[in-house]
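Worth saying up front: this structure is predicted, and the values here are computed from it rather than measured. Along the sequence shown, the residues carry numbers beginning at 1.
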Amino acid sequence: MKLYSINIEDIIFEGDCMIWKKTGKREPLNQYISVERYERAMKFRFEADQKRSLCAGYLLNHAIQENDPELTTPVAVAYEEKNGKPYLPEYPGVYYNLSHSGDYAVCVLDTVPVGIDVEKCKSFKESVARRFFAPEEYEDIMSVQDEAKRTNCFYQYWVLKESFMKATGLGMQLDMKSFRVCRGDRAAHERAKKEWIMSEHAEKEQITYVHAVNDRSYEARLYDIAPGYCMAVCRESKELL
């Protein structure tokens, strides 16, 4: 599994090129962004939304090319008839997923079905958690006393659930209450992070899911992409339920 991210504020789109602000490096759009992606992006009203979409398309093709320079980019993207999940018809062994929010666009490549979600953290809405989350998830969020930490906990659950929905291929067709995120001993993990000061040696939180979507099991990880953001990746496990 490989992760890629980009801050849209680092990029300028000018004519048929994308320009990196810090270095001035220019890259041709037609090498990384398909006509379909460009036309779809231009339908957005606001420039920031256009840039997020274009940057997501760039990440996908950059990732494909980085992993195999002989592959032709931009890659063709097709959509499953049943659920609309995008896939790469020319490269059936490559699974990918994209997400964007705020200043960031992200991409994940894997050899198994995978989902990624990034969210810019805003305010915590208790009614949303109560309506869309499983009772155990809601109780875990509400058990956090500090308001800022509770908001962060809410968004962690949100990206964990969204990434699972995307990994299964069902997306928003899946009822968010029909499955549950299992975070193990989250409190112990938070203590470990504090003790090790986010050291790479700190034990990673084990995150799985209770579901009846299919006969596969799924595992997930949370990532600190930037202050004020939450990101999660969910991938299919090799183990059967």
Does the side chain of M165 come within less than 4.5 Å of L170's, by heavy atoms? no
Considering only heavy atoms from C-beta outward, does the side chain of S217 approach that of E219 to under 4.5 Å? no
Please tell me whether M172 and F133 are part of a single hydrophobic cluster in this structure, the criterion being side-chain heavy atoms less than 4.5 Å apart. yes
side-chain contact (heavy atoms from CB on, under 4.5 Å) between I207 and C182: does it pass, once the steps are laid out? CA-CA 6 Å; I207 304 172; C182 299; over 6 Å; no
Determine whether C230 and W158 make a side-chain contact, defined as any pair of heavy atoms from C-beta on separated by less than 4.5 Å. no
Do L222 and E205 come close enough that some side-chain heavy atom pair is under 4.5 Å? yes
E126: which of R150, R131, M142 passes side-chain contact (heavy atoms from CB on, under 4.5 Å): M142
Quick one: does Y209's side chain have a donor or acceptor within less than 3.5 Å of a partner on L160's backbone? yes
With the threshold set at 4.0 Å, does a side-chain nitrogen-carboxylate oxygen contact exist between K161 and E137? yes
Residues sharing F46's hydrophobic cluster, by side-chain heavy-atom contacts under 4.5 Å among ILVMFWY, directly or via others? none
K149 atom NZ: more than 12 heavy-atom contacts under 6.0 Å: no
So, Q50 versus R45: side-chain donor-acceptor pair below 3.5 Å or not? no
Full working for side-chain contact (heavy atoms from CB on, under 4.5 Å) between R183 and C153: CA-CA 11 Å; R183 299 190 60 178; C153 183; 4.2 Å; yes
Aromatic ring proximity, centroids under 6.0 angstrom, Y95 and Y87: no
Show the atom names and distances, to 0.1 Å, of all donor-acceptor pairs under 3.5 Å that link a side chain in residues 12-22 to residues at least two apart or in another chain.
{"from": "W20", "atom 1": "NE1", "to": "E27", "atom 2": "OE2", "distance (Å)": "2.7"}
{"from": "K21", "atom 1": "NZ", "to": "E9", "atom 2": "O", "distance (Å)": "2.9"}

Of I33, D49, I8, L59, the residue whose pairing with L54 passes side-chain contact (heavy atoms from CB on, under 4.5 Å): I33
Do the ring planes of Y218 and H211 sit parallel (below 30°), tilted (30 to 60°) or perpendicular (above 60°)? perpendicular
If the threshold is 4.0 Å, N to carboxylate O, is there a salt bridge linking E136 and R180? yes
Heavy atoms, side chains only, cut-off 4.5 Å: are V181 and F164 in contact? no
Does either side chain, that of Y91 or that of D68, offer a donor lying less than 3.5 Å from an acceptor on the other one? no
Can you check ring-ring contact (aromatic ring centres under 6.0 Å, His included) on Y155 and F124, steps first, answer last? CA-CA 8 Å; Y155 277 98; F124 166 60; 8.6 Å; no
With heavy-atom distances below 4.5 Å as the criterion, would you say the side chains of I64 and L60 are in contact? yes
OG (S163) and NZ (K166) are apart, to the nearest 0.5 Å, by 8.5 Å
Tell me, do N30 and Y38 make a side-chain contact under 4.5 Å, heavy atoms counted? no
Is it true that, when you exclude E147 itself, more than 12 heavy atoms of the residues, nucleotides or ligands shown sit nearer than 6.0 Å to its CD? no
With hydrophobic residues grouped by side-chain heavy-atom distances under 4.5 Å, do V35 and F44 end up in a single group? no
Can you list, pair by pair, the side-chain donor-acceptor contacts under 3.5 Å of residues 102-122, counting residues two or more places apart and other chains?
{"from": "D110", "atom 1": "OD1", "to": "R235", "atom 2": "NH2", "distance (Å)": "3.0"}
{"from": "D110", "atom 1": "OD2", "to": "R235", "atom 2": "NE", "distance (Å)": "2.7"}
{"from": "D110", "atom 1": "OD2", "to": "R235", "atom 2": "NH2", "distance (Å)": "3.2"}
{"from": "D117", "atom 1": "OD1", "to": "S99", "atom 2": "OG", "distance (Å)": "3.4"}

Do F154 and V128 have side chains that get closer than 4.5 Å, going by heavy atoms? yes
side-chain contact (heavy atoms from CB on, under 4.5 Å) assessment of Y157 paired with D140: CA-CA 10 Å; Y157 271 110; D140 190 29; 2.6 Å; yes
If you take the centroid of each ring, where Trp contributes its six-membered ring, are Y32 and Y58 closer together than 6.0 Å? yes
Got a donor-acceptor contact below 3.5 angstrom from the T73 side chain to the Q31 backbone? yes
Tell me yes or no: between the side chains of S237 and R216, is some donor less than 3.5 Å from an acceptor? no
Please report the C-alpha distance between Y79 and V77 in whole Å, then the side-chain angles of each, then the deciding distance to 0.1 Å, and finally whether the side-chain contact (heavy atoms from CB on, under 4.5 Å) criterion is met. CA-CA 7 Å; Y79 300 88; V77 176; 4.0 Å; yes
To the nearest 0.5 Å, tell me how far M231 CE sits from R221 CZ. 9.5 Å
